[in-house]
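Everything numeric here is computed off the predicted structure, so don't read it as measured data. Values below: every heavy atom of this structure, side chains too, minus hydrogens, waters and symmetry copies.
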Amino acid sequence: MKNVFKVSLATNNSSLWVLVTGSGYNICNMSQGFKISRILKKGEVNLQVGNGAKVEAIVVGSISLIMPSGKILMLDDCYYIPKFILNIISASMLDKRGFRINISNGICSIYYGDNLYVNGYLQHDVYVLPNVNAN
């Protein structure tokens, strides 16, 4: 068992991307734009969600995201879990790659150097990143 995720944002939009500070994993629920690095063995990576259910990651790989700014954010070591409702960008994974995240007054801004990639907005205790699309 890897992590416990509790996301309180109720939505039926499975293409949303959110920034999460409590996860060490990038997770996507879509195969569009996903480049497989490795197929995972059954039971190799299981994550526990807030209601206690376990969900299995199928593959790990990379996905290119087009930010509203036009910049491309490549998420490496991203787990493909089709049962997840939201797509998750790990703040700690971005930090390890040199990205800077400013959070203030319900807005989070993701920068690399002085370049703004995206602004996210707090909705039900989760920072939603609008208009982020898989390449």
Count I, L, V, M, F, W, Y as connected when their side-chain heavy atoms are under 4.5 Å apart, and connections chain through other members. Are [X] and [Y] then in the same cluster?
{"X": "Leu94", "Y": "Met74", "result": "no"}
{"X": "Phe34", "Y": "Met30", "result": "yes"}
{"X": "Ile101", "Y": "Tyr127", "result": "yes"}
{"X": "Ile66", "Y": "Ile89", "result": "no"}
{"X": "Val45", "Y": "Ile27", "result": "yes"}

* Asked: Side chain of Asn87, backbone of Asn29: donor and acceptor closer than 3.5 Å?
  ->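 The answer is yes, because a donor-acceptor pair under 3.5 Å joins these two groups.
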* Does atom NZ of Lys83 have more than 12 heavy-atom neighbours, drawn from other residues, nucleotides or ligands, at distances under 6.0 Å? -> no
* Please say whether more than 12 non-hydrogen atoms of neighbouring residues, nucleotides or ligands are located less than 6.0 Å from CD1 in Ile39. =>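 Atom CD1 in Ile39 is not crowded, with 12 or fewer foreign heavy atoms closer than 6.0 Å.
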* Passes side-chain contact (heavy atoms from CB on, under 4.5 Å), Tyr121 versus Ile107? Steps please. -> CA-CA 5 Å; Tyr121 305 93; Ile107 298 174; 4.0 Å; yes
Under a 4.5 Å cut-off applied to non-hydrogen side-chain atoms, are [X] and [Y] in contact?
{"X": "Val20", "Y": "Ser90", "result": "no"}
{"X": "Cys108", "Y": "Leu129", "result": "yes"}
{"X": "Met67", "Y": "Ile72", "result": "no"}

* Check the pair Leu116 / Ser69 against side-chain contact (heavy atoms from CB on, under 4.5 Å), numbers first and verdict last. => CA-CA 7 Å; Leu116 175 66; Ser69 63; 5.7 Å; no
Rounded to the nearest 0.5 Å, what separation is found between the [atom1] atom of [X] and the [atom2] atom of [Y]?
{"X": "Arg100", "Y": "Asp95", "atom1": "CZ", "atom2": "CG", "answer": "11.5 Å"}
{"X": "Ser15", "Y": "Ile85", "atom1": "OG", "atom2": "CD1", "answer": "13.0 Å"}
{"X": "Ile36", "Y": "Ile58", "atom1": "CD1", "atom2": "CD1", "answer": "9.5 Å"}
{"X": "Asn102", "Y": "Asn119", "atom1": "CG", "atom2": "CG", "answer": "9.5 Å"}
{"X": "Asp77", "Y": "Arg38", "atom1": "CG", "atom2": "CZ", "answer": "9.5 Å"}
{"X": "Leu73", "Y": "Tyr112", "atom1": "CG", "atom2": "OH", "answer": "11.5 Å"}

[X] versus [Y], closest heavy-atom pair with distance:
{"X": "Gly120", "Y": "Pro130", "answer": "CA-CD, 4.2 Å"}
{"X": "Met93", "Y": "Asp76", "answer": "CE-O, 4.3 Å"}
{"X": "Gly61", "Y": "Ser37", "answer": "CA-OG, 3.4 Å"}
{"X": "Cys28", "Y": "Cys78", "answer": "N-SG, 3.7 Å"}

* Is the Tyr79 ring parallel, tilted or perpendicular to the Tyr25 ring (thresholds 30°, 60°)? ->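 Perpendicular: the ring planes of Tyr79 and Tyr25 meet at over 60°.
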* Taking only residues two or more places apart in sequence or in another chain, which ones pass salt bridge (Lys or Arg N to Asp or Glu O under 4.0 Å) with Lys96? -> none
